[in-house]
There are 2 protein chains.
Amino acid sequence: MRLPNAGHRRGGARDAVIELLAEQSCALSAAEIEQALAARRRQVSRASIYRVMDELAQIGQITQVEVGQGLVRFEPAHDGAAHHHHLVCQRCGALEPFADDALERAISRLSERLPGRVSEHEVVLRGRCSSCA
Amino acid sequence: MRLPNAGHRRGGARDAVIELLAEQSCALSAAEIEQALAARRRQVSRASIYRVMDELAQIGQITQVEVGQGLVRFEPAHDGAAHHHHLVCQRCGALEPFADDALERAISRLSERLPGRVSEHEVVLRGRCSSCA
DNA sequence: TTGCATGCAAAGCATTTGCACACAT
DNA sequence: ATGTGTGCAAATGCTTTGCATGCAA
């Protein structure tokens, strides 16, 4: 994950957040990021997490995923190959990533025939994850 | 739209909400519902709107749509034919509905091969609506 | 010194809940 | 009388913002 050109401060909250995020394959909420960082003795304030996320979102380095529990999740923007979507478990709240070429093709073709301009898409499936099914 | 069997009260806030919703083809937020009802001189408290929505959602009469502006939108549940998804304009915030058979087929096939159980799905496209493109 | 990333605490919003009241039964 | 839909206001929970601080340059 590329960093914005900034000059950081103190312990480098931004670096810590970016580093953690880069290791993730699936989406984390702000609270989860805070906990994960605290667990590795690198506390970062919630405010900074949101600020970094906002910054990264603006330069397209992360994707925001909203699965409908009143919170936003963040994950590194995927460069093609790792592009995926999510199945949200309505029982335990877990996110399970999946990818499907046919789905992507359908969305791609669909996007061309729509009147507007489509720059992003998000597919959310709801049901039971493999553990809860 | 079928109503729950209830005995209502006073001016019948629930009826007013259900009636308004039944006229809609696309999703409305709680605030929009409140405004629309106020405009037709049938004020309903925000709390009642949420309560009615919750009730209708539980019996599957409405669908909740989350397009990522920190609010939930509601629309009547479609019986097959009218099933659609939304393009969200990143400039003006408008919702534009669309439907696509190939997309639905892809999701349907995909849902079968996933390990969990899929009961709902939602597709959100982001970009520019036809007016803002 | 100057600028800005950071943390803390307060503010903002959408949504939910507690409570009292009044209408339907 | 009794049950419950309704409105108001307070509470909740996530996210944002204001402000002060101190490191980086």
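Chain naming here is simple, since letters A, B, ... match the order of the sequence lines and numbering starts at 1 in each.
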- Using a 4.0 Å heavy-atom cut-off across all strands, classify B:Gln43 as base, sugar-phosphate, or nothing. sugar-phosphate
> Would one find a side-chain N or O of A:Ser45 under 4.0 angstrom from OP1 or OP2 of C:dT6?
Replying inline: no
So the ring pair (Phe, Tyr, Trp, His ring centres under 6.0 Å) pairs with at least one residue in residues 101-121 of chain A (sequence neighbours excluded) are A:His83-A:His121, A:His85-A:His121
Sorted by chain and number, sequence neighbours left out, side-chain hydrogen bond (donor to acceptor under 3.5 Å, both in side chains) with B:Arg117 holds for none
Between A:Gly70 and B:Ile49, the residue closer to the 5' end of DNA chain D by nearest nucleotide is B:Ile49
When you measure from the side chain of A:Glu34 to the backbone of A:Ala31, do you find a donor-acceptor pair of N or O atoms at a distance under 3.5 Å? no
Sorted by chain and number, sequence neighbours left out, side-chain hydrogen bond (donor to acceptor under 3.5 Å, both in side chains) with A:Arg113 holds for B:Asp100
Across all chains, not counting sequence neighbours, the side-chain contact (heavy atoms from CB on, under 4.5 Å) partners of A:Val67 are A:Val65, A:Gln69, A:Arg73, A:Val88, A:Leu95
In whole angstroms, the gap separating P of D:dA24 from CG of A:Asp15 amounts to 12 Å
Quick note, B:Leu71 side chain, CB onward, closest among D:dG5, C:dA14, D:dG7 is C:dA14
Regarding the side chain of B:Arg42, the nearest nucleotide among D:dG7, C:dG7, D:dT6 is D:dG7
Between CZ of B:Arg46 and P of C:dG18 the distance, given in whole Å, is 20 Å
**Request:** Tell me, with the steps shown, if B:Leu28 and B:Phe74 meet side chain to side chain contact (heavy atoms under 4.5 Å, CB included).
**Result:** CA-CA 5 Å; B:Leu28 294 180; B:Phe74 310 89; 5.9 Å; no
Rounded to whole Å, CD of B:Glu32 lies from P of C:dC13 at a distance of 17 Å
Taken to the nearest whole Å, CD/B:Glu34 to C1'/C:dC13 is 14 Å
### Query
Using a cut-off of 4.0 Å on non-hydrogen atoms, how would the nucleic acid contact of A:Glu66 be classed: base, sugar-phosphate, or nothing?
nothing
Only distances under 3.5 Å count here; give the side-chain donor-acceptor pairs of residues 19-27 of chain A to other protein atoms, sequence neighbours excluded, each with its distance to 0.1 Å.
residue: A:Glu23; atom: OE1; partner: A:Arg40; partner atom: NH2; Å: 3.0
residue: A:Glu23; atom: OE2; partner: A:Arg40; partner atom: NH1; Å: 3.3
residue: A:Gln24; atom: NE2; partner: A:Leu20; partner atom: O; Å: 3.3

A:Arg14 CZ to C:dG7 P, in whole Å, measures 12 Å
Filtered N/O pairs between nucleotides 17-20 of chain D and protein, under 3.5 Å:
residue: D:dG18; atom: O6; partner: A:Arg51; partner atom: NH1; Å: 3.4

Rounded to whole Å, the CG-C1' distance (A:Asp54 to D:dC14) equals 15 Å
